[in-house]
Amino acid sequence: MRAEFKGSYPSIKVLPKGDLPEFAFIGRSNVGKSSLINMLCNQKDLAKTSSKPGKTQHIVRFLVDGKWYLVDLPGYGYAKVSKESRTLFGALIQDYLLERNNMYCVFVLIDSRLEPQKIDLEFMEWLGESQIPFCIAFTKTDKLKASEAERNIEQYKNKLLETWVELPGIFVTSATEKSGREEILEFIEKVRKS
Ligand code: GTP
Ligand code: MG
């Protein structure tokens, strides 16, 4: 697998039209989107990561094997940015997800350590209403004991089943331990070829 940086775009107006499949990564600031992309690509510094939230502020694309794109999206829900730019992030994310016809699936990243957060549940509801295909990837499972991670994920599924008839695809990952990589790449391969 060979991934290369292909550009960073502040709005979808400047995002080149294209018909190669795109798989996007979204979630709260600092949840580990850029780290997960690096882990999937086996390249430590491909996507810029930071311990401070709000690092990725553009749509960033990485071309994989010349055939499809991984797309790093800005985080949502970062309280320290001004109200105005928060809506701006929102608008960038919304424009991309609603208008990008070659976006095959968006991975919603959820920190496996936290109780279900309202903002994530609302975001997924919006995805559902907008008929945007998505999966969930739980992140940072290395920071928990296996049994704790399992329990949190079970709880999360139960929470989702309060509003959803069916659960989305669920992946359990750790960027530091490189877990969940094969599962996600196999899923992307399958969706790309379907
Ligand atoms: P924004 O671009 O700011 O929205 O953040 P992001 O979601 O892209 O998060 P990023 O990948 O930059 O990671 C945020 C912090 O979490 C960094 O300090 C990472 O090293 C750390 N991190 C990410 N994934 C993992 C993981 O699986 N395990 C551990 N232990 N730390 C992680
Ligand atoms: Mg990022």
Side-chain angles (χ1 to χ4, degrees), residues 3-12 15 22-64 69-97 103 105-114 116-124 127 134-150 152-153 156 170-185:
E4 53 186 320
F5 171 79
K6 274 290 173 180
S8 176
Y9 310 94
S11 92
I12 76 152
L15 187 61
E22 294 182 353
F23 292 85
F25 292 76
I26 189 91
R28 295 201 313 152
S29 258
N30 216 39
V31 68
K33 300 173 291 294
S34 302
S35 303
L36 182 61
I37 288 177
N38 290 341
M39 184 272 267
L40 292 174
C41 297
N42 258 330
Q43 276 166 255
K44 221 170 58 174
D45 298 315
L46 186 66
K48 299 269 183 308
T49 66
S50 167
S51 56
K52 290 194 220 104
K55 181 69 186 171
T56 311
Q57 301 209 3
H58 289 177
I59 294 171
V60 184
R61 292 200 307 171
F62 303 95
L63 181 62
V64 181
Y69 287 97
L70 284 166
V71 180
D72 195 4
L73 294 173
Y76 54 73
Y78 174 44
K80 285 225 176 90
V81 298
S82 72
K83 241 191 181 150
E84 202 182 320
S85 57
R86 212 173 340 162
T87 32
L88 188 72
F89 292 168
L92 180 58
I93 291 168
Q94 283 192 15
D95 286 351
Y96 173 79
L97 292 173
M103 202 290 296
C105 184
V106 57
F107 291 85
V108 178
L109 273 58
I110 304 281
D111 189 324
S112 59
R113 296 169 299 175
L114 305 180
Q117 306 283 303
K118 192 160 167 248
I119 191 166
D120 296 319
L121 297 169
E122 284 178 358
F123 184 72
M124 287 187 270
L127 289 174
F134 72 95
C135 286
I136 293 178
F138 288 98
T139 64
K140 308 192 185 183
T141 54
D142 57 282
K143 294 198 175 195
L144 292 173
K145 288 193 202 122
S147 60
E148 286 173 333
E150 220 166 278
N152 287 0
I153 290 163
Y156 211 102
I170 288 179
F171 299 92
V172 180
T173 75
S174 158
T176 44
E177 290 178 346
K178 294 189 174 286
S179 56
R181 182 173 182 274
E182 291 308 314
E183 290 82 354
I184 290 181
L185 292 178

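Computed from a predicted structure; not experimentally measured. All ligand and atom numbering here is 1-based and tracks the order in the structure.
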Backbone or side-chain N or O of N30 under 3.5 Å from ligand 1 N or O | yes

Go through the side-chain N and O atoms of E22 and Y96 and say whether any donor and acceptor fall under 3.5 Å apart.
-> yes

Taking L109 as the fixed residue, which of T173, L36, I26, I136 is the one that meets the side-chain contact (heavy atoms from CB on, under 4.5 Å) rule?
-> L36

With heavy atoms and a 4.0 Å threshold, my read on which part of S35 contacts ligand 1 is both

Look at the rings of F107 and F23 and say which category their plane angle falls in: under 30° parallel, 30 to 60° tilted, over 60° perpendicular.
-> tilted

K140, any N or O under 3.5 Å of ligand 1 N or O | yes

Using the ring pair (Phe, Tyr, Trp, His ring centres under 6.0 Å) rule, take Y156 and F138 through it: C-alpha gap first, then chi angles, then the decisive distance, then the call.
-> CA-CA 10 Å; Y156 211 102; F138 288 98; 5.3 Å; yes

For atom 26 (C) of ligand 1, which candidate among D142, D111, T139 provides the closest heavy atom?
-> D142

Determine whether L73 and K33 make a side-chain contact, defined as any pair of heavy atoms from C-beta on separated by less than 4.5 Å.
-> no

Can an N or O of S34 be found at a distance shorter than 3.5 Å from an N or O of ligand 1?
-> yes

Is K33 in polar range of ligand 1, meaning some N or O pair under 3.5 Å apart?
-> yes

Between K143 and ligand 1, find which residue part has any heavy-atom pair under 4.0 Å and reply side chain, backbone, both or neither.
-> side chain

Residue G75 vicinity, atoms of ligand 1 by number, heavy atom under 4.0 Å | 4 (O)

Using distance alone, determine whether V31 and ligand 1 share an N or O pair under 3.5 Å.
-> yes

Would S50 count as a contact of ligand 1 if the rule is a heavy atom under 4.0 Å away?
-> yes

For the residue pair S34 and D72, confirm or rule out a side-chain donor-acceptor distance under 3.5 Å.
-> yes

Which of the atoms in ligand 1, numbered in the order shown and given with their element, are less than 4.0 Å from a heavy-atom of S174?
-> 27 (O)

So, is P74 polar-close to ligand 1, with some N/O to N/O distance under 3.5 Å?
-> no

Going by distance only, is there an N or O of D72 that falls short of 3.5 Å from an N or O of ligand 1?
-> no

